Each structure stands twice: as C-alpha cells, then as structure tokens.
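Every chain is numbered from 1 and lettered A, B, ... according to where its sequence line falls, protein lines coming before strand lines. Being a predicted model, the structure only gives us computed values, none of them experimental.
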Amino acid sequence: MLDTKYDHIKVEENKYNDWKEKGYFNSGDKTKQPYSIVIPPPNVTGKLHIGHAYNVSIQDAIIRYKRMQGFDTLWLPGMDHAAIATEAKVVKRLKDQGINKYEYGREKFLDACWDWTHEYGGTIRDQWAAMGISVDYNKERFTLDEGLNKAVTKVFVDYYNKGLIYRGEKIINWDPAAKTALSNEEVIYSEEKSAFYHLKYKITGTEEYLDVATTRPETLFGDTAVAVNKDDERYKKYIGMTVELPFMNKSIPIIADEHADMEKGTGVVKITPAHDPNDFEVGNRHNLERICIMNDDATMNENCPAKYVGMTREDAREAVLEDLKAADLLLEIEPLVHEVGHSERTGVMVEPMIKEQWFVKMDGLAEQLLKIQTEKDNKVNFVPDRFENLLKSWMTDCHDWCISRQLWWGHRIPAWYKDGEIYVGMEAPEGEGWKQDEDVLDTWFSSALWPFSTLGWPDKTEDLERFYPNDCLVTAYDIIFFWVARMMFQSEELNGVRPFKDCIIHGLIRDKEGRKMSKSLGNGVDPFDMIDKYGVDALRYYLNTDVAFGTDLRFDETKLTSTWNYINKIWNASRFVLMNIEGLKELTFDNLTDEDKWILTKYEKIVKSSIAHMDKYEFNLFGTETYSFIYDDFCSNYIEFAKFNSESNTTKSVLCYVLTGILKLLHPFMPFVTEEIYQMLPIKDAESIMISEYPKYDKSFVDKETTKVVEEKIEFIKAFRNVKTENNIPKDAKVIINTNDEIIIKMLKLQDVMINEPEDIKSYDVKSGSYEATIFYEKEETEEDKALKEKQINDLKASIARRKNLLANENYVAKAPEALVNKERETLAKEEEQLALLTK
RNA sequence: GGGCGUUUAGCUCAGUUGGUUAGAGCAUCUGCCUUACAAGCAGAGGGUCAUAGGUUCGAGUCCUAUAACGCCCACCA
C-alpha cells in the first residue's frame with residue numbers, strides 16, 4: 001500500500017534503468033508507424049543546465065505520448081563536439097597545467113579533447129537518466145564520429161564541386177583569443193562606453209585640415225584614404241586632394257564615396273580597408289591598398305611605427321591618443337555609447353581582419369528555403385508560427401557563411417594544396433607534396449546535417465527511410481539562425497525535403513525577475529538541485545505546463561512546490577482508490593449510478609481535449625484542464641461520492657478506470673510517479689505504463705442528461721454549504737429538504753437534522769435546480785449579516801437588470817446563437833428565483 | 001533604422017474560431033484535525049483586461065493609433 005505522503009526520492013529509484021534494460025526506449029518495431037525526434041545535441045563542454053532540462057522535458061513528453069499511442073518511436077540522442085567552445089575549455093585546462101596548445105601539438109591536443117569528451121559525455125548521460133528521458137541509446141551519435149565525419153566530408157566535396165562552397169579572401173570576424181575566424185552569428189553585439197575621437201588630418205599643402213571622427217583611432221596606421229560624400233558642400237572642394245596621415249609620414253587621398261554620410265559624425269570618414277567591413281567595401285570600390293596592422297592576437301604588427309609594435313589594441317589606442325594630443329592633432333573627445341562585437345565563446349572584442357577562408361554561398365540556398373516555406377505540404381511548421389517570420393527575415397538578407405575555423409577540434413577541411421593548386425575530395429590526393437588544409441569546419445556545419453546524418457546518410461539506410469524527415473524538432477528561439485535555418489537549407493539542398501515536419505520553438509528560462517540567468521549574476525538554477533528537492537516529475541510537469549511555447553519562462557521555485565503538492569494530491573487520491581479496489585478482478589460497468597455516469601462523461605471529455613491539446617502542443621492548456629478535472633471533479637467530488645458507494649463493484653471499476661486514465665494522461669509529463677502507481681493497480685493492460693495504450697475517447701460513456709442532473713446536485717451542495725458558512729450556522733441546525741437523494745443527504749450530513757414541519761424560528765432558504773432546502777437557525781442578525789444580504793440582493797438585481805436588457809435587445813435575440821439565448825433566459829429565471837428567496 | 005513580442009488579480013501566468021458576471025496557482029482573509037491527503041478540506045475577498053478611438057446585437061479576443069517594457073536583425077564611421 002502507498003505511504004500517506006508522496007516521496008519522490010523513493011518513487012524515482014531504480015525505474016530508469018529498469019525501463020532502459022527492458023528496451024522500452026528502443027525503436028525498431030516495424031509493424032508500427034514510425035515517429036522520430038532527434039535531440040538537439042548538447043555541447044560536450046560541460047553539464048546540462050535548466051534550459052536543457054526544459055528542452056528535453058518537452059521532447060520526452062512528446063515521445064512518450066506518441067509511444068503510448070502505438071508509434072515506433074525513435075528519439076535519437078547525441079552530443080555535439082562544439083568545436084570552438086570545447087577547444088576553448090581544453091585550452092584552458094591545459095593552460096592550467098602549464099601546457100601551451102601549439103607547443104603540445106595537434107595530435108596530443110586532440111587526444112586531450114577526446115578525453116574531455118568522454119568525461120563530460122558520461123556526465124551528460126547520467127543527467128539524461130536523472131531527467132528520465134526515453135532516448136534510444138542504441139542510436140546515439142556524436143558529431144565527430146566516423147559516420148558523421150563521412151557525411152560532413154561528402155557535403156563539403158559535393159558543394160565544392162557544385163560551386164556552393166568557395167575559398168576566398170574577405171574581411172571576416174576574427175577572434176584574437178581563439179585565433180580563428182567566426183561567422184556573423186557568432187558575434188554578439190553589446191553596448192559599450194566609448195568615444196568619438198575627432199582627429200586632425202592636415203590637408204597636404206594647405207593650412208587647412210579635416211576633422212575626422214572615429215571610434216578606433218588606433219587603426220589609423222592602416223588608413224589608406226578618407227572619404228566624404230560627393231554632395232557634401234563642406235568638403236566637395238577637397239576631393240582629389242590628399243591628407244597627411246599622422247605618424248606615418250605619408251599622404252592618403254580624399255575620395256568621394258557614398259559610405260560617407262553627411263549626417264553622421266563630421267561627414268568625414270577615415271578608411272581602413274583591412275580592419276572594417278565597410279571600409280573594406282569602400283576599398284574595393286576605389287582600389288585602395290589593404291594594410292593589416294595587427295597580428296593574429298590583435299597586437300600591433302610591424303606595419304605600425306616601431307614604437308607601437310607589440311602593443312595590444314587597447315594600449316595602442318591610449319598611446320596613439322596621447323601622441324596625437326602631444327602633436328596637437330586631437331580635436332575633441334565626444335563620449336559615445338555604441339555597439340561593439342564580441343566573440344560568442346571567448347568574449348573578446350572581435351577584430352575585423354582580411355583572411356582567406358572557406359564560405360558557403362548562401363543566395364541560392366536561401367531562395368530555395370523560402371520557396372519551400374510557401375508550399376503547404378513541404379514546409380516546416382513552426383510552433384508558434386510567428387517564428388517562421390524571424391527565419392524568413394534572416395534568410396531574406398543573409399551573407400555567405402564563413403565555415404572555416406582556425407581550430408583543431410573539429411572536422412578537418414578536405415582540401416589539399418600543392419603549388420597553388422587545390423584538390424578537394426573524400427580522400428587525400430595521389431602523389432607527393434600535397435598538404436591538407438590546417439583548418440576545421442564551423443561546428444554548425446556538422447550539426448546542420450544532424451536530422452539525417454545521424455540516420456546513416458549518405459547511405460540509404462533503413463533508418464533513414466523510416467525516420468527522415470523527422471516528425472518534430474524542439475529547440476529554443478535563440479538558435480533558429482545557428483541551427484534550424486541551416487538544417488533546413490542543408491536538408492532541402494541535399495535531399496530535396498524538409499528536415500522535420502514540425503518545429504517547436506520554446507522560450508528561454510529566466511529568473512523570477514525576468515533576468516537572463518548568468519554566472520556573473522549568480523541567479524542560475526541547477527535543475528539537479530530542483531530534482532533533489534522536488535523530484536523530476538514535479539520539475540518536468542512545471543516546465544512543460546507553465547507557459548505556452550515561445551514565451552520565456554520565469555523560474556519560480558514556489559510553483560515547483562505547488563506542483564509537488566499536486567502530485568501529492570494525485571498520490572493520495574490513488575491511495576484512496578487502491579485501498580478501495582483491492583481484489584478487483586475485472587471492470588464492470590453495469591448499473592452505473594448517476595455519479596458514475598457523470599465522472600465517466602467528464603473523463604471522456606478530458607481525454608478528448610487532452611489529445612487535441614497534445615496534438616497541437618498546447619501543453620499548458622492540457623495542464624490547466626486536467627488539473628481541474630483531477631482536483632475538482634475526481635478528487636473533490638467523485639471520490640467523495642464514491643465513499644458512500646464503496647461496496648459497489650461498478651463504482652470500484654469506475655474508480656479504477658478513471659484513475660488508470662489519469663495516470664496515463666499524465667505519464668508523458670510525470671513518468672516516475674505514474675509508473676509507481678500504475679504498478680499497484682489490480683488490473684492493468686501492460687507491464688509498464690510506458691508501453692501501455694494512451695486513453696482514447698470513448699463516446700459510449702458520455703451521458704449528457706445524467707451529467708446535467710449530477711451537476712445540479714453538486715451546485716446545490718455547494719450553495720447549501722455556502723449559506724451555512726456565510727451565516728455561521730452550526731452543524732445541528734434543523735433542515736427541511738425536498739429530496740431524499742442519498743448523496744446529497746450524506747454529503748451534507750443531514751441524516752440527523754432533517755425535519756418535516758417548519759420551526760417557528762428564523763430560516764434560510766437554499767435552491768438550486770430542482771433541489772430546495774430550508775435551514776432553521778435563530779440568530780441575532782448583525783450589521784455585517786445585513787450588509788452581506790443587501791449586497792447579495794443588489795448584485796442580483798443588477799445582474800437581472802442587465803440580463804433583461806440583453807434579452808430585450810431584438811438584435812441580440814435575432815443574431816446570437818439560439819442555445820446562448822436560451823441559456824440566458826434560464827439563468828434569468830434562476831436569478832429571479834434567488835432574488836425571491838432572499839427578499840421573501 | 002527595420003521587425004517581433006509583451007502589457008489581464010498583490011506575484012507568475014491561462015484565456016481556442018468574438019458569446020453569461022474574465023480563470024488558475026501562489027499570496028491574503030474566515031471556518032474546519034470530515035477515517036485518501038493539514039504539503040489538506042469548506043468558503044471569501046481581490047481585475048474599468050496598458051491608453052484612446054473604431055467595427056459589432058456583443059470585444060480581453062478583430063481593426064487603427066499611442067505609450068511602457070523586452071527581444072531580434074541591420075555596414076551606425
């Protein structure tokens with residue numbers, strides 16, 4: 001028998017391994033319809049956080065639901081090597097041991113990365129188990145494993161041959177800490193206090209000068225021109241002349257270019273083609289020299305005057321400003337707050353640099369994706385759909401994707417060079433002297449293939465045939481650009497199909513005040529602390545049902561407490577049911593009482609709506625509706641009714657039937673506790689609730705007429721209790737009642753107080769539907785009582801007036817649905833009755 | 001500069017295609033140890049649904065403006 005209290009620690013013990021060992025998580029029953037989800041592979045950089053917990057909770061709910069509905073479900077687990085992120089961690093670990101990555105060498109470094117991967121991979125698998133997620137471990141993949149490596153290489157080679165991948169010298173975002181190129185998406189802009197420095201560039205051969213406003217004075221060594229707008233009356237006359245570049249002993253031309261905006265700054269822009277993306281474009285238009293003035297670690301190089309060589313960017317800025325000031329070339333410092341790009345991973349300021357890199361040509365891929373999104377049966381359905389707009393706007397205006405990274409941990413680029421020749425292929429070319437590209441690919445290049453590379457692609461495997469396109473993908477909105485978009489265009493280009501049918505986008509988890517969780521604020525929540533305190537069922541249920549998908553979730557521990565209470569409630573209701581149905585051999589539904597019919601009707605209704613909500617991914621609505629069914633209908637009313645009928649095998653059967661259904665409905669969200677209770681049922685349809693059949697709507701149990709009768713009873717009981725509490729009437733007050741309905745009499749404990757003749761004292765009337773009662777109780781009427789009564793009368797009068805007015809409106813009566821109008825009339829009649837009782 | 005989202009009870013959020021007097025949890029108040037559950041039970045109070053217009057018999061819901069907050073994108077020297 002169950003304990004009186006729900007003990008989540010005890011309940012969660014041993015179940016996961018048991019499920020796993022029995023093979024419930026595994027796909028492979030080919031007699032069933034396939035259903036597939038691939039997990040967004042977590043980075044092997046560390047432990048899972050609350051966001052991961054949220055993400056996998058949703059997926060597990062979906063996959064358990066589908067499994068119970070009889071699908072051959074594959075939830076494919078895996079992890080991401082996370083090139084730059086992991087490499088940064090390993091570099092740091094080695095550094096702490098006094099080891100330098102470059103001195104250590106590529107091979108040994110990669111070994112260290114693999115060690116790291118195995119270590120954290122194990123942690124992640126343990127955490128998955130603690131979350132109770134039903135992934136098919138037989139199919140687990142890693143983005144750097146052999147199969148995926150092959151897929152990645154093949155895509156690279158094919159794209160190269162199709163001209164979709166090219167190598168080129170462009171200005172790219174350079175991370176001087178990791179010493180690698182980054183894609184635009186890996187650059188995070190944040191506001192920074194800075195200044196507009198007004199520099200004095202003297203015009204050659206005159207006493208005049210130009211006031212050049214810049215935020216980056218230290219890049220002046222790389223200036224190769226200053227630009228003004230051709231229509232700018234102030235500067236027009238100088239076009240074609242030159243200015244003296246400070247400290248460099250050279251003059252650079254004053255050019256006219258549209259980039260110079262008359263409204264901005266002073267209208268004069270210094271042009272540094274090697275260190276600014278705009279200036280790079282200007283340089284291209286005017287054939288300007290590109291002078292790189294920094295080393296890969298963003299220290300100043302030998303293209304700067306000797307004094308500055310070796311300084312960091314920051315030190316160089318200070319030094320330049322000082323020297324400018326000394327030379328009387330610094331006109332003004334205007335404080336300014338502007339957006340500065342930082343590396344997503346290392347956090348350092350990104351330096352635009354000209355480098356030879358590999359790129360994916362985006363225009364055609366983007367166009368194709370946008371076209372497919374217009375086709376109803378081929379598009380990816382976003383939930384909520386507004387995120388499709390976000391995707392579209394990004395795809396409409398996207399730049400070529402820089403995919404090469406100057407890292408070691410990743411898929412090595414399958415390109416070989418010899419004497420200016422390039423060879424791209426699956427294997428190294430024949431012959432001597434070929435040298436493979438040192439670089440690896442952006443980690444997102446391999447994750448973009450995840451929905452199909454994990455299933456064996458490019459081979460035409462059975463899994464690929466069955467499970468691709470995937471049925472669903474679940475991820476947060478912050479990686480739509482990084483990942484979702486790229487999976488889409490890769491899948492569509494390579495296989496001509498969408499990667500998945502539905503794409504569920506959930507929000508981010510914030511703290512109670514709505515702030516992002518961060519290390520520096522110390523407001524992060526460790527999901528595993530919460531699991532210890534409240535159990536994983538409570539955590540999963542809370543995360544899944546708290547908010548609609550797409551909106552951010554403010555994490556509130558008190559809600560976890562109330563979820564725990566809810567589970568405890570279910571636990572105790574189950575305890576009652578189990579105590580009463582012990583020994584039940586089979587379900588019988590003969591001679592159902594009205595109350596039995598009522599709860600069955602309510603139950604079937606909730607089954608129907610639950611399925612609808614599950615299918616539409618409206619988990620929050622599922623939550624509120626099942627909550628009120630379980631709490632109000634089942635616990636507060638039906639169980640109370642059943643207490644007076646506990647010998648009946650039919651009522652026992654109904655209790656068992658409805659409880660079983662409740663457990664099944666909740667199982668996708670609370671797998672452990674529902675399994676624990678399910679195992680104690682005297683009658684069950686499977687050896688585990690995990691593989692039992694999800695409830696189906698059974699119309700034959702629906703009885704609307706009886707339901708109405710019972711609902712009237714419940715209403716009456718409630719009204720009766722209300723009158724008693726409101727008037728502080730003691731239990732033994734005498735009562736005349738017009739029914740001998742056992743349920744009413746027992747629920748209201750009227751057995752010993754019923755009388756037939758009215759007493760000659762003050763009385764209170766209760767009426768609801770066909771039920772009427774009078775309670776006799778002499779009591780001095782206080783001012784409070786009078787006020788209360790007056791309020792009730794006034795409220796009723798107002799309501800009656802409003803309703804009469806409504807029904808007098810011909811337009812309303814003519815246009816509103818008839819049922820609605822009838823209901824209004826009924827309510828009006830009821831209210832008038834009530835009023836009559838009160839004013840009697 | 002574009003785009004998106006949010007604004008509903010003290011707090012966190014629901015509110016399907018417009019349809020009674022707008023819901024839940026937590027918090028507050030009153031009364032209860034009623035034999036599944038005091039981490040519970042029976043009740044109560046609390047909202048001019050951000051603002052201003054409009055459409056409609058009827059608007060939290062649809063339309064138009066406005067405001068505040070938040071997010072995303074964009075080459076702001």
Ion pair check, Glu647(A) and Lys652(A), cut-off under 4.0 Å
no

For U7(B) and G60(B), measure between their C1' atoms and round to the nearest Å.
12 Å

Look at all strands and tell whether Glu388(A) reaches a base, only sugar-phosphate, or nothing, counting heavy atoms closer than 4.0 Å.
nothing

C75(B) and A14(B), which share atom name P, separated by this distance in whole Å
34 Å

With a 4.0 Å cut-off on heavy atoms, is His338(A) in touch with a base, just the backbone sugar-phosphate, or nothing at all?
sugar-phosphate

Can you give one letter per nucleotide of nucleotides 7-13 of chain B, going 5' to 3': B for a protein heavy atom under 4.0 Å from the base, S for sugar-phosphate only, - for none?
-----BS

What is the distance, rounded to the nearest whole Å, between atom CG of Asp276(A) and atom P of C75(B)?
11 Å

Is any side-chain nitrogen or oxygen of Lys569(A) closer than 4.0 Å to OP1 or OP2 of C41(B)?
yes

Could you tell me whether Ile480(A) contacts a base, only the sugar-phosphate backbone, or nothing, with contacts defined as non-hydrogen atoms closer than 4.0 Å?
nothing

Evaluate the ring planes of Phe669(A) and Phe619(A), with Trp represented by its six-membered ring, and classify them as parallel (under 30°), tilted (30 to 60°) or perpendicular (over 60°).
perpendicular

Rounded to the nearest Å, what distance is computed from the CD1 atom of residue Ile639(A) to the P atom of nucleotide G40(B)?
15 Å

Could you tell me the separation between the CG atom of Asn544(A) and the P atom of A14(B), rounded to a whole number of Å?
14 Å

Nearest-angstrom distance from the residue atom CG of Asn809(A) to C1' of G58(B)
9 Å

Out of G15(B), A77(B), C37(B), minimum distance to the side chain of Asn620(A) belongs to G15(B)

Using the C1' atom on both, measure A24(B) against G5(B) and round to a whole Å.
23 Å

Please give the distance between the C1' atoms of C41(B) and U35(B) as a whole number of Å.
14 Å

For Arg216(A), is there an ion pair with Glu351(A) - N to carboxylate O distance below 4.0 angstrom?
yes

Let me know the distance between CD1 of Ile505(A) and C1' of C4(B), rounded to the nearest Å.
14 Å

Between G25(B) and C62(B), how many Å separate the two C1' atoms, rounded to a whole number?
30 Å

What nucleic acid atoms does Phe622(A) come within less than 4.0 Å of, heavy atoms only: base, sugar-phosphate, or nothing?
nothing

Contact class for Gly341(A) (heavy atom, under 4.0 Å): base, sugar-phosphate, or nothing?
nothing

Of C57(B), C4(B), A77(B), the nucleotide closest to the side chain of Arg386(A) is C4(B)

Does the pair Asp257(A)/Arg285(A) count as a salt bridge with the N-to-O cut at 4.0 Å?
yes

Can you figure out which of A77(B), C4(B), A36(B) approaches the side chain of Val269(A) most closely?
A77(B)

Regarding Lys5(A), tell me which of base, sugar-phosphate or nothing describes its non-hydrogen contacts under 4.0 Å with the strands shown.
base

Only Watson-Crick and G-U wobble pairs with both distances less than 3.5 Å should count. Give RNA chain B in dot-bracket notation, marking inter-strand partners with |.
(((((((..((((.....[...)))).(((((.......))))).....(((((..]....))))))))))))....

Between Asp211(A) and Lys200(A), does any NZ, NE, NH1 or NH2 come within less than 4.0 Å of an OD or OE carboxylate oxygen?
no

Just say parallel, tilted or perpendicular for the rings of Trp564(A) and His8(A), cut-offs at 30° and 60°.
perpendicular

Do Glu832(A) and Lys804(A) sit within salt-bridge range, that is, some charged N less than 4.0 Å from a carboxylate O?
yes

Looking for any heavy atom pair under 4.0 Å, which part of the strands does Arg216(A) touch: base, sugar-phosphate only, or nothing?
nothing

With a non-hydrogen cut-off below 4.0 angstrom, is Leu820(A) in contact with a base, only sugar-phosphate, or nothing?
base

Closest to the Asn722(A) side chain, choosing from A74(B), G43(B), A36(B):
G43(B)

Distance in angstrom units between Met395(A) CE and A74(B) P, rounded
13 Å

Any Lys/Arg nitrogen of Lys270(A) or Asp279(A) sitting under 4.0 Å from an Asp/Glu carboxylate oxygen of the other?
no

Using 30° and 60° as the class limits, which term best fits the ring planes of Tyr542(A) and Phe555(A): parallel, tilted or perpendicular?
perpendicular

Regarding Thr214(A), tell me which of base, sugar-phosphate or nothing describes its non-hydrogen contacts under 4.0 Å with the strands shown.
nothing

Hey, does the side chain of Asn580(A) come within less than 4.0 Å of A36(B)'s phosphate (OP1/OP2), counting only N and O?
no

Nearest-nucleotide wise, let me know which of Thr4(A) and Ile717(A) is further upstream toward the 5' end of RNA chain B.
Thr4(A)

Under 4.0 Å between a side-chain nitrogen and a carboxylate oxygen: does that hold for Lys713(A) and Glu595(A)?
yes

Under-4.0 Å side-chain N/O to phosphate OP1/OP2 contact, Asn565(A) with G40(B)
yes

Considering only the C1' atoms, how many Å lie between A67(B) and A27(B), rounded to the nearest integer?
30 Å

Ring centroids of Tyr627(A) and A24(B) base under 5.5 Å with planes under 30°:
no

Among C26(B), A77(B), U20(B), which nucleotide sits nearest the side chain of Thr558(A)?
C26(B)

Select base, sugar-phosphate, or nothing to describe what Asn389(A) touches, counting heavy atoms under 4.0 Å on all strands.
nothing

Would you say that more than 12 heavy atoms from the other residues, nucleotides or ligands in this model lie under 6.0 Å from the NZ of Lys605(A), or not?
no

Looking only at the side chain of Tyr477(A) (C-beta and beyond, no hydrogens), which of the listed nucleotides U20(B), A77(B), C71(B) gets closest?
C71(B)

Geometric class of the Phe634(A)/Tyr638(A) ring pair [parallel <30°, tilted 30-60°, perpendicular >60°]
parallel

Side chain of Arg803(A) (C-beta onward), nearest among G25(B), U20(B), U56(B):
U20(B)

Regarding Phe481(A), tell me which of base, sugar-phosphate or nothing describes its non-hydrogen contacts under 4.0 Å with the strands shown.
sugar-phosphate

Of the nucleotides C75(B), G43(B), G5(B), which has the atom closest to the Arg721(A) side chain?
G43(B)

Base, sugar-phosphate, or nothing: which does Ser636(A) touch, judged by heavy atoms less than 4.0 Å apart?
sugar-phosphate

Given C75(B), A77(B), A39(B), which nucleotide is nearest the side-chain atoms of Phe196(A)?
A77(B)

Whole-Å distance between C37(B) P and Phe634(A) CZ?
15 Å

With heavy atoms under 4.0 Å as the rule, sort Trp394(A) into base, sugar-phosphate or nothing.
nothing

Lys643(A) side chain N/O closer than 4.0 Å to the phosphate oxygens (OP1, OP2) of A36(B)?
yes

Between Tyr631(A) (OH) and A36(B) (P), how many Å, whole number?
16 Å

Measure centre to centre between the rings of Tyr627(A) and Tyr566(A), then say whether the value is under 6.0 Å.
yes

Look at all strands and tell whether Glu640(A) reaches a base, only sugar-phosphate, or nothing, counting heavy atoms closer than 4.0 Å.
base

Hey, which sits more toward the 5' end of RNA chain B by its nearest nucleotide, Gly267(A) or Glu185(A)?
Glu185(A)

Any salt bridge between Lys830(A) and Glu826(A), counting N to O under 4.0 Å?
no

Closest listed nucleotide, where the reference is the side chain of His613(A) and the choices are U16(B), A77(B), C75(B):
U16(B)

